[in-house]
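Encoded as structure tokens, the structure appears first; notes follow it.
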Amino acid sequence: MARTATSDVAATYPSPAACLQLLKPITWFAPMWAYGCGVISSGVPVVDRLPEIVAGILLAGPLVCGTSQAVNDWYDRHVDAINEPDRPIPSGRIPGQWGLWIAIGLTVFSAAFAATLGLWAFVAALIGLALAWAYSAPPFRLKNNGWYGNAAVAACYEGLPWFTGAAIMMSARPDALIIVMAVLYSAGAYGIMILNDFKAIDGDRQLGVRTIPVQIGAAAAARLSCLIIAAPQVAVIGILAVYGRVGYGAIVAALLFVQLFLMRALLDDPRGRAPWFNATGTTLYVLGMLATAIAISDLGDM
């Protein structure tokens, strides 16, 4: 009897390991990096706001991004039961309605946590959380159309965390220049999101998920992705030149120059090389983000 009771408990409550897997820690890096760029771009000395910086890292990664992963897995549980049955929800390691309860609980906690970090961090968190639900949950389910879904993900992974980092450091709305840079790098991330959809073109087509590669074909999607990734970086280089940050602009230009060579290889085999570019070209892209953040860290408003 004791064994049966223990088994019932195990089947009723999710394990900590299953919960952590549900939140996909590997996905936290991108928003935490963008958040760090926001912190640096503010120009406020890091030592002055260490507790707030740590709190913001938790907000950007485990809380808001983790929430988005929980929401996505809950509303994808039926598809995952077919394609990835070992994931926490379809495997039963997160049983019953626990996946939904975790997503709702994290949403509420994330918003409350963000409220302690200032008005603008709270506003950015609410937008990010709203986009996380709209991306995965009906009736919006933005992920079913790549034109909308990629925009939501790019904003949540790049623009909003950058804005949040600067807002926490400045205890105010970030300067217009910081916002412009956050928007530009968020726009470039849209192109990266297009490439990320290459890994499941066949499955998405069968399931009716209208990603951009599904809608316009792999070759056209790859060309569009390259254009979207490169164009904002050109704008960043121009803005840095206008503000007299020619050296930093040259760094971003050099990183973009290498990306362009990688893009040529990508276009020769978009489906085969999309993961390769996401590992190489994207690394150069985020290094450019860091260089840009340092460049504008002591500049005032536009």
Side-chain angles (χ1 to χ4, degrees), residues 16 19-74 99-137 142 151-175 178-179 181-183 185-186 189 192-193 286 289-290 292-294 296-297:
C19 292
L20 183 61
Q21 186 181 353
L22 178 70
L23 305 185
K24 300 186 187 69
I26 194 172
T27 65
W28 302 348
F29 172 77
M32 289 193 297
W33 180 274
Y35 170 82
C37 290
V39 167
I40 293 169
S41 70
S42 71
V44 178
V46 171
V47 294
D48 292 351
R49 306 298 297 273
L50 280 176
E52 292 87 350
I53 291 173
V54 173
I57 291 172
L58 293 175
L59 178 66
L63 294 181
V64 175
C65 186
T67 298
S68 72
Q69 300 304 325
V71 173
N72 186 66
D73 269 28
W74 174 254
L100 178 61
W101 296 339
I102 290 171
I104 294 173
L106 272 176
T107 300
V108 174
F109 182 77
S110 298
F113 189 85
T116 68
L117 298 176
L119 172 63
W120 291 105
F122 178 58
V123 170
L126 289 183
I127 295 172
L129 292 167
L131 288 175
W133 281 88
Y135 179 77
S136 299
L142 300 178
V153 175
C156 289
Y157 272 51
E158 304 294 349
L160 288 171
W162 187 313
F163 178 93
T164 300
I168 288 175
M169 296 298 287
M170 301 171 76
S171 298
R173 179 188 64 80
D175 295 337
I178 293 175
I179 295 175
M181 293 303 191
V183 169
Y185 277 107
S186 187
I192 296 172
M193 294 303 109
V286 299
M289 290 173 57
L290 178 60
T292 300
I294 297 171
I296 66 174
S297 62

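Just so you know, these numbers come straight off a predicted model, no measurement behind them.
- To the nearest 0.5 Å, atoms OG1 (Thr67) and CG (Leu129) are separated by 6.0 Å.
- Partners of Ile57 by side-chain contact (heavy atoms from CB on, under 4.5 Å), not counting sequence neighbours, listed by chain and number: Met32, Tyr35, Ile53.
- Dense packing is recorded around CG of Leu50, with more than 12 heavy atoms of other residues, nucleotides or ligands lying under 6.0 Å away.
- Residues meeting the side-chain contact (heavy atoms from CB on, under 4.5 Å) test with Gln69, sequence neighbours left out: Lys24, Thr27, Cys65, Tyr157.
- Nearest heavy atoms, Met169 versus Val46: CE-CA, 4.2 Å.
- In this structure, Ile168 and Val39 have side chains that are not in contact, with every pair of non-hydrogen atoms separated by 4.5 Å or more.
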Assess the residue pair Tyr185 and Thr292 against the criterion (side-chain hydrogen bond (donor to acceptor under 3.5 Å, both in side chains)); give the C-alpha distance rounded to whole Å, side-chain angles, the decisive distance to 0.1 Å, and a yes or no.
CA-CA 10 Å; Tyr185 277 107; Thr292 300; 2.8 Å; yes

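- Summarising the geometry of Pro161 relative to Ala155, their closest heavy-atom pair is CD-O, 3.7 Å, with the distance given to 0.1 Å.
- Residues satisfying the side-chain contact (heavy atoms from CB on, under 4.5 Å) criterion with Ala55, sequence neighbours excluded, are Phe113, Leu117.
- If you take OG on Ser41 and CZ on Phe163, they are separated by 11.0 Å, rounding to the nearest 0.5 Å.
- In this structure, Pro31 and Val64 have side chains that are not in contact, with every pair of non-hydrogen atoms separated by 4.5 Å or more.
- Screening Ile127, Leu59, Val123 for a side chain to side chain contact (heavy atoms under 4.5 Å, CB included) with Thr164, the sole residue that qualifies is Leu59.
- A 4.5 Å side-chain heavy-atom check between Leu23 and Trp28 finds at least one atom pair inside the cut-off.
- Scanning all heavy atoms of the two residues, the minimum distance from Ser42 to Ile178 falls at CA-CD1, 4.0 Å.
- Between Leu131 and Leu160, the closest side-chain pair of non-hydrogen atoms falls below 4.5 Å.
- The two residues Ser110 and Leu63 make their nearest non-hydrogen contact at OG-CB, 3.3 Å.
- When atom types are taken as modelled, the side chain of Trp33 and the backbone of Val286 share a donor-acceptor pair closer than 3.5 angstrom.
- Using a 4.5 Å cut-off on side-chain heavy atoms (C-beta onward), Trp120 and Met170 make no contact.
- Nearest heavy atom pair, residue Val71 against residue Ser136, reads CG1-CB, 3.9 Å.
- No donor-acceptor pair closer than 3.5 Å links the side chain of Ser186 to the backbone N or O of Val183.
- Between Cys19 atom SG and Ile102 atom CD1 the span is 4.0 Å, to the nearest 0.5 Å.
- Within the model, atoms OG1 of Thr116 and CD of Glu52 stand 9.5 Å from one another, a figure rounded to the nearest 0.5 Å.
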